[in-house]
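The analysis underlying the following values was restricted to heavy atoms, covering all of them including side chains, and did not include hydrogens, waters or symmetry mates. Counting begins at 1 with the first residue of the sequence.
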Amino acid sequence: MAVNESLPLPAMENGEGKGGGEYTQDGSVDLRGNPVLRSKRGGWTACSFIVVYELFERMAYYGIAANLVIYLTDKLHQGTVEASNNVTNWSGAVFIMPLLGAYAADAYLGRYWTFVAGSAIYFLGMCLLTLAVTIPSLKPPPCVGGVCPPASALQLGVYFGGLYIIAFGNGGTKPNISTIGADQFDEFDPREKMHKMSFFNWWMFTIFVGILFSSTVLVYLQDNVSWSVGYGIPTLGLLISISIFLAGTPLYRHKVPQGSPFTRMGKVVAAAVWKWRTPVPADAKELHELELEEYTRKRKFRMDSTSTMRFLNKAAVKEKDGSPAAKWSLCTVTQVEETKQIVKVIPLLATMFMPCTLIAQTNTLFVKQGRTMDRHIGRHFQIPPASLGAFVTLTMLVAVVVYDRLFVTAIRKYTKNPRGITLLKRMGIGLLLQVVAMATASLMESRRLGYARRHGLDMVAVEVPVPLTIFELLPQYVLMGVADAFLVVGKIEFFYDQAPESMKSLGTAMSLTAYGVGNVLSSFLLTFVSRVTRERGDAWVTNNLNASHLDYYYGFLTVLGAVNAVVFVVLSSRYTYKVESTETIDIAMDVKGDTAKKIQS
């Protein structure tokens, strides 16, 4: 358990503190390393700049991602499987790179400067991508009479170069921006701790507003005006978002980098293995630990020893033989407990891979599925197939507000949990809803294919739209949106909350890594299933979905999702939360102004 103590106050920032006021107790500092006043920095005022940044940045990212599969098939002339895999491979890189960014932030640069560097790289990639869809020589010529010239190596290199530069830049921004936002609230202040619990809900709300704009306005511009305009607007939006973030710099609270978490964890594991024959003393006080004043001076948090994963406690056992290895193989109790916290969440992290694979379908096969249906509204207007993803966003937006304002308020009267229900229960509900969503998608595709076969459309060489309205796909999109409200928000908050105080960026990166692995897994499953079924003479996924068995593939994913949900339930039932995340906040919901002042003092 982290020790809650007031930290000593060295040099004042810009003279602050001379007129009174309370300093934060969680080790927050300014960019110069000075402690900061609670009233001067942080809170929702600072978060407003960060949240607005995320709004524009998500608009930029999903302005590319939402319609990427259509660009790859229509403009770069790739097949359904190849294009879908390229989308998920890129998405995998986007969400795996945050591990590198988290390492740089926690070990060297700090979250703020890692974010700034990543933003510059991100913007460079967006500019290159916009040039790739604008300059004629960087695009293959259009199809003529059903013959589609393949893209050249240069054209593919420039376009995919821009995509993967974005992925690299995202590694610096994504694991740090939400962590910087959460850092604006002091964990040791009751009111600010309550605000932090709502922060992740509203953070996701803002993200999905940006996604909503991308999947409607930007997708329409790309399909009906030009790809140059459709990419140019999000590029400009990213520039605006970076400017907004930088404008809020004087208001931010920062956390001092506390060294590489991978190095510390590796040392603990190596030390425990080295001393595997050494007995662990019954009294935890005999284990190696620094004085409380040492942690206070370095603005770090000390943790108490626990009996879980007792083998790792060997790393903190003091050796008396004076051997050369005694120094490098001796870790503090805090280092051991930090390692335990990360190891504890790894099995649960593994159960997030399959859900992220299911989420990946909304930007790939769901879009191609919509392309095969009647998209007309009236006589002249056609809905871009990627725009149906807006219903995921709209559903999620409504669900998050209802969850935060109604469900949590009502249910915590009975559960006595300030979050209403535990984070793992919230994630579990999301997993079950995802399984229902994929089962619904399978049934709908079966209906669409039946209609196509009855009208002989499966025998036509070129994919012909089925005269069924695209809005028949709404149930699977809506269910996926409700699932996101439970799973996605809960997942981000869980891995941030359960990470040690010195490894918050790593915790956020772990939740994002699940998306990366999930997207890579999606590519593997689609390639594997397509190859196996094709070799057996009845391919499940081909370029002509009317002659495919996409319903079987959706059914296959449903079964995998259901099995994964069972494993998650078993693991979560055995999980023990950090003490800080389960203890009831000792503050009434109807605290009056005078009571709040007493708490603050």
>> Using the ring centroid of each side chain, check whether F168 and W90 are separated by less than 6.0 Å.
In response: no

> Ring centroid separation for F115 and Y53, is it under 6.0 angstrom?
Replying inline: yes

> Is the closest side-chain donor-acceptor distance between N67 and D223 under 3.5 Å?
Replying inline: yes

>> Could you check, using the six-membered ring where one of them is a Trp, whether F245 and Y252 have ring centers closer than 6.0 angstrom?
In response: yes

> Can you list the residues that meet the salt bridge (Lys or Arg N to Asp or Glu O under 4.0 Å) rule with D551, with sequence neighbours excluded?
Replying inline: none

> Could you walk me through whether E472 and R448 pass the salt bridge (charged side-chain N to carboxylate O under 4.0 Å, His left out) check?
Replying inline: CA-CA 9 Å; E472 293 204 22; R448 192 194 69 80; over 6 Å; no

> How are the rings of F524 and F528 set relative to one another: parallel (under 30°), tilted (30 to 60°) or perpendicular (over 60°)?
Replying inline: parallel

> Are Y515 and F353 an aromatic pair by the rule of ring centers under 6.0 Å?
Replying inline: no

>> In this structure, is the centre-to-centre distance between the rings of Y552 and W540 below 6.0 Å?
In response: yes

> Are D183 and H254 linked by a side-chain donor-acceptor pair shorter than 3.5 Å?
Replying inline: no

> Excluding sequence neighbours, so at least two apart, what forms ring-ring contact (aromatic ring centres under 6.0 Å, His included) with Y108?
Replying inline: Y103

>> Suppose we call two aromatic rings close when their centres sit under 6.0 Å apart. Are Y403 and F486 close by that rule?
In response: yes

> Do the charged groups of R371 and D74 touch, with an N to O distance under 4.0 Å?
Replying inline: yes

